[in-house]
Amino acid sequence: QVQLVESGGGLVQPGGSVRLSCAASGFTLDDYTIGWFRQAPGKEREGVSCISGRISATYYTDSVKGRFTISRDNAKNTVYLQMNSLKPEDTAVYYCAAKRLSAYGCSLNGYPYWGQGTQVTVSS
């Protein structure tokens, strides 16, 4: 059974860095695309980044491009989201999600499997 568990969230100062982890079980990352999403209070959930299986094609939404980096470690069956230069507006619950790999690209739609989320708070 596909399971995803996020970790690594917490309180960080503006300009600081956090690395989120998404531990996957029940499947291998090579066969799936993993996405990171976030939801702030009163706002819709938004896609942040994704990484495909196989060739690790990546995508970033404009608001995080250049600051966030998605990566995966197949040996650990874990996907990471390195978040640098954090801003208060990055404060949200961050979720990872998975979908079966189709072709070699990634997109931020069509994810049937979701983790429980981890809170990231950016505040001084």
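In this view, Ala23 and Thr78 satisfy the side chain to side chain contact (heavy atoms under 4.5 Å, CB included) rule, not counting sequence neighbours. In terms of the side chain to side chain donor-acceptor pair (under 3.5 Å) criterion, Ser71 has no residue partners (sequence neighbours excluded). Residues meeting the side chain to side chain donor-acceptor pair (under 3.5 Å) test with Gln3, sequence neighbours left out: none. For the ring-ring contact (aromatic ring centres under 6.0 Å, His included) test, residues two or more places apart in sequence or in another chain that qualify with Tyr111 are Phe37. Evaluation of the side chain to side chain donor-acceptor pair (under 3.5 Å) rule for Asn74 yields Asp30, Arg72 as partners, not counting sequence neighbours. Partners of Gln39 according to the side chain to side chain donor-acceptor pair (under 3.5 Å) rule, which considers only residues two or more places apart in sequence or in another chain, do not exist here.
The minimum heavy-atom distance between Gly105 and Ala57, with the atom names listed, is CA-CB, 4.1 Å. Nearest heavy atoms, Gly9 versus Thr118: N-OG1, 3.2 Å. The two residues Leu101 and Ser52 make their nearest non-hydrogen contact at CD1-CB, 4.0 Å.
Sorted by first and then second residue, the pairs that involve residues 10-22 and meet side chain to side chain donor-acceptor pair (under 3.5 Å), not counting sequence neighbours, are Ser17-Asn84. Here disulfide bond (SG atoms under 2.5 Å apart) pairs that include residues 88-124, with residues two or more places apart or in two chains, are Cys22-Cys96, Cys50-Cys106. Sequence neighbours left out, the pairs with a member in residues 88-104 that pass salt bridge (charged side-chain N to carboxylate O under 4.0 Å, His left out) are Arg38-Asp90, Arg67-Asp90. Evaluation of the disulfide bond (SG atoms under 2.5 Å apart) test over residues 55-88, restricted to residues two or more places apart or in two chains, returns none.
Applying the under-4.5 Å side-chain rule to Ile, Leu, Val, Met, Phe, Trp and Tyr, the cluster around Val12 extends to Val2, Leu4, Val18, Leu20, Phe27, Leu29, Tyr32, Ile34, Trp36, Val48, Ile51, Tyr60, Val64, Phe68, Ile70, Val79, Leu81, Met83, Leu86, Tyr94, Tyr113, Val120, Val122. Summarising the hydrophobic clusters (Ile, Leu, Val, Met, Phe, Trp, Tyr; side-chain heavy atoms under 4.5 Å, direct or chained), the residues clustered with Leu11 are none.
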